Amino acid sequence: MTGHLPADQPSGATSSGRRLRVLIITKIFPNAKEPLSAPFNRQQFVALSRRCDVEVLATIPWFPAAGLFGRWSSTGRLSDVPAHETIDGVPVTHPRFFYIPRVGQGLMGAFYAASVLPSVLKRRGQFDVILGSWAYPDGVAALALAQLVGAPAVVKLHGSDVDVLSTRFGPRQNMRLALPHADRVVAVSRALAEKVIALGVPRERVDIVGNGVDRELFRPQDRAAGRASLGHGADGRRWLLFVGRVEEAKGALDLCRAFAGSKAAGDNQATLVMVGNGKAMAACKDVTKDLGDRVLFAGEKTHEQVAQWMAACDTLVLPSHHEGTPNVVLEALACGRRVIGTDVGGIPDVVNSPDLGELVPVGDVPALAAALDRAAARAYDADAVAALGGRRGWEDSAARLEAVLTRAVHEHGPSAQRFASVA
């Protein structure tokens, strides 16, 4: 398995010498209604567009009369996303794909491929490689579509697209059938790479390409100045910061329960700051309702604003149940902030020293509470954390992804056209 492609791998151009043309198919990308969605994909693909010609087919789920259900359904709320946008200079088209909520997961790959097919056929001959970002249905559909137009295909994996979906019969069967026939598969962590190899993908066709960090935004800054800029300069307690979807799978409710039972909260030593929104918000507020100003629900923030909140915090806490390599952890370390995380996915690869933070078992609320208490009592050198845990930028990540895509184009041929159908 190659973790970092050698420097002599072909990169940057096709055999004709022109820039590589990449068609990306994914449902995890920003749009006019959800501009803060999937910042990791936005940053990587925008960086890739400075090296290659990139177009994104950022799909939108749809079912008949979806717009009438906007109050209750996220699919309904997306019904009026425009058909075309330009995001950070990248042309984005939003094909609608037929989606039956909570039904027919095993058929979703076929529905998705059929829905996106007209957009792909319209661009036939205008791209060199298809990149499906998210294993299922996006990646599986991308493989089927690439086979139909005779193009190489690469699938990028993120975390729960394999960790969670591969435990469900329909998606797992589709992935086991399709993913082994990708020209290349990209994983964001070693743990994720091993899981997709277990699904039948040949080890020699799996590459590890880690995410990057915007190092202009995420860098060590003065905590006191950071809090003052947010209007919280008077709060001298240790800040324990959560950034992400406020959902049970992200460990948000575990964190609120742990903080409510912690010594740090009881002794008024710490403030829990929750940045984000999600389905578990009401439950989190209920668990912490007696803690007063020791808990701050800050709501959703832009990427630039997240950097401000990280500058103001002492420790980032992300007790997720499933992860790939979460960018919020990389960003916290780049800011010189220690991390409390769970021992899942690529987090152990990143938080690999006591100087950088500590890991707790998934769902272990008492262990998490004890870790919060230790974090509230520990002083550390932010510059030392940033020096030890800092990551490369998005340009480097995009360059490594480009090398994988170029390799797929160079290696693709009649013998590589193996995938014939989607279950």
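A quick note: this is a predicted structure, and the numbers were derived from the prediction, not measured.
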Nearest non-hydrogen partners of [X] and [Y], listed with the distance:
X    : Y    : answer
L145 : A113 : CD2-O, 3.5 Å
N211 : L330 : O-CD1, 3.8 Å
A264 : A376 : CB-CB, 3.8 Å
V344 : S320 : CG2-O, 3.9 Å
G200 : P180 : O-CB, 3.4 Å
A408 : R184 : CB-CG, 3.7 Å

Pairwise distance [atom1]([X]) to [atom2]([Y]) - rounded to 0.5 angstrom:
X    : Y    : atom1 : atom2 : answer
M281 : K279 : CE    : NZ    : 14.0 Å
F127 : L20  : CZ    : CG    : 12.0 Å
L368 : I340 : CG    : CD1   : 6.5 Å
R205 : L179 : CZ    : CG    : 10.5 Å
W309 : R227 : CH2   : CZ    : 10.5 Å
L405 : D183 : CG    : CG    : 10.5 Å

When you measure from the centre of the six-membered ring of F297, is the NZ or CZ of K285 under 6.0 Å away and within 45° of the axis? yes

Would R238 pass as a cation-pi partner of F259, given that its NZ or CZ must be under 6.0 Å from the six-membered ring centre and within 45 degrees of the axis? no

Would you call the rings of H158 and W134 parallel, tilted or perpendicular if under 30° counts as parallel and over 60° as perpendicular? tilted

Would a 4.5 Å heavy-atom cut-off, applied to side chains only, mark [X] and [Y] as touching?
X    : Y    : answer
L199 : V162 : yes
R223 : R337 : yes
F45  : V90  : no
V213 : L333 : no
D235 : L296 : no
S133 : F29  : no
D207 : R400 : no
M274 : L255 : yes

If you apply the rule side-chain contact (heavy atoms from CB on, under 4.5 Å), what do you find for V129 with H412, and how did you get there? CA-CA 10 Å; V129 59; H412 185 78; over 6 Å; no

Test of understanding: with salt bridge (Lys or Arg N to Asp or Glu O under 4.0 Å), list the residues that count as partners of [X], not counting sequence neighbours.
X    : result
E331 : none
D163 : K195
D286 : K289

Among T288, V246, V295, side-chain contact (heavy atoms from CB on, under 4.5 Å) partner for C256: T288

Run the side-chain hydrogen bond (donor to acceptor under 3.5 Å, both in side chains) check on T93 and R123 step by step: do they pass? CA-CA 12 Å; T93 298; R123 292 161 176 80; 3.2 Å; yes

Any donor and acceptor pair, going by atom type alone, linking the side chain of [X] with main-chain N or O of [Y] inside 3.5 Å?
X    : Y   : result
R96  : I60 : no
S115 : F98 : yes
S49  : V46 : yes

In sequence, state the C-alpha distance, the side-chain angles, and the governing distance for L57 and V120, and then conclude on side-chain contact (heavy atoms from CB on, under 4.5 Å). CA-CA 9 Å; L57 300 182; V120 173; 4.1 Å; yes

What verdict does the side-chain contact (heavy atoms from CB on, under 4.5 Å) test give for E194 and V206, after you've listed the backbone C-alpha separation in whole Å, the side-chain angles of each residue and the deciding distance to 0.1 Å? CA-CA 9 Å; E194 292 299 331; V206 179; over 6 Å; no

For the CD atom on Q269, are there more than 12 heavy atoms of other groups (residues, nucleotides or ligands in this structure) within a distance under 6.0 Å? yes

Can you tell me if E216 has over 12 outside heavy atoms packed within less than 6.0 Å of its CD? no

Is it true that K263 and D373 make a salt bridge, defined as a side-chain N closer than 4.0 Å to a carboxylate O? no

Could you check whether D293 pairs with R237 (Lys NZ or Arg NE/NH1/NH2 to Asp/Glu carboxylate O, under 4.0 Å)? yes

Write out all pairs satisfying salt bridge (Lys or Arg N to Asp or Glu O under 4.0 Å) with one or both partners inside residues 36-47, taking only residues at least two apart or from two chains. R42-D88

For residues 354-367, dump all side-chain donor-acceptor pairs below 3.5 Å to protein atoms at least two apart in sequence or in another chain.
{"from": "E358", "atom 1": "OE1", "to": "R374", "atom 2": "NH2", "distance (Å)": "2.8"}
{"from": "E358", "atom 1": "OE2", "to": "R374", "atom 2": "NE", "distance (Å)": "3.2"}
{"from": "D364", "atom 1": "OD1", "to": "A367", "atom 2": "N", "distance (Å)": "3.1"}

Taking the six-membered ring for Trp and the single ring otherwise, decide whether the centroids of H303 and F40 are under 6.0 Å apart. no

Decide yes or no on side-chain hydrogen bond (donor to acceptor under 3.5 Å, both in side chains) for T325 and D349, but give the supporting numbers first. CA-CA 8 Å; T325 300; D349 291 344; 5.8 Å; no

Carefully, step by step, assess K156 and D161 under the rule salt bridge (Lys or Arg N to Asp or Glu O under 4.0 Å). CA-CA 10 Å; K156 180 187 173 190; D161 54 345; over 6 Å; no

Non-neighbouring partners of R245 that pass side chain to side chain donor-acceptor pair (under 3.5 Å), sequence neighbours left out: E247

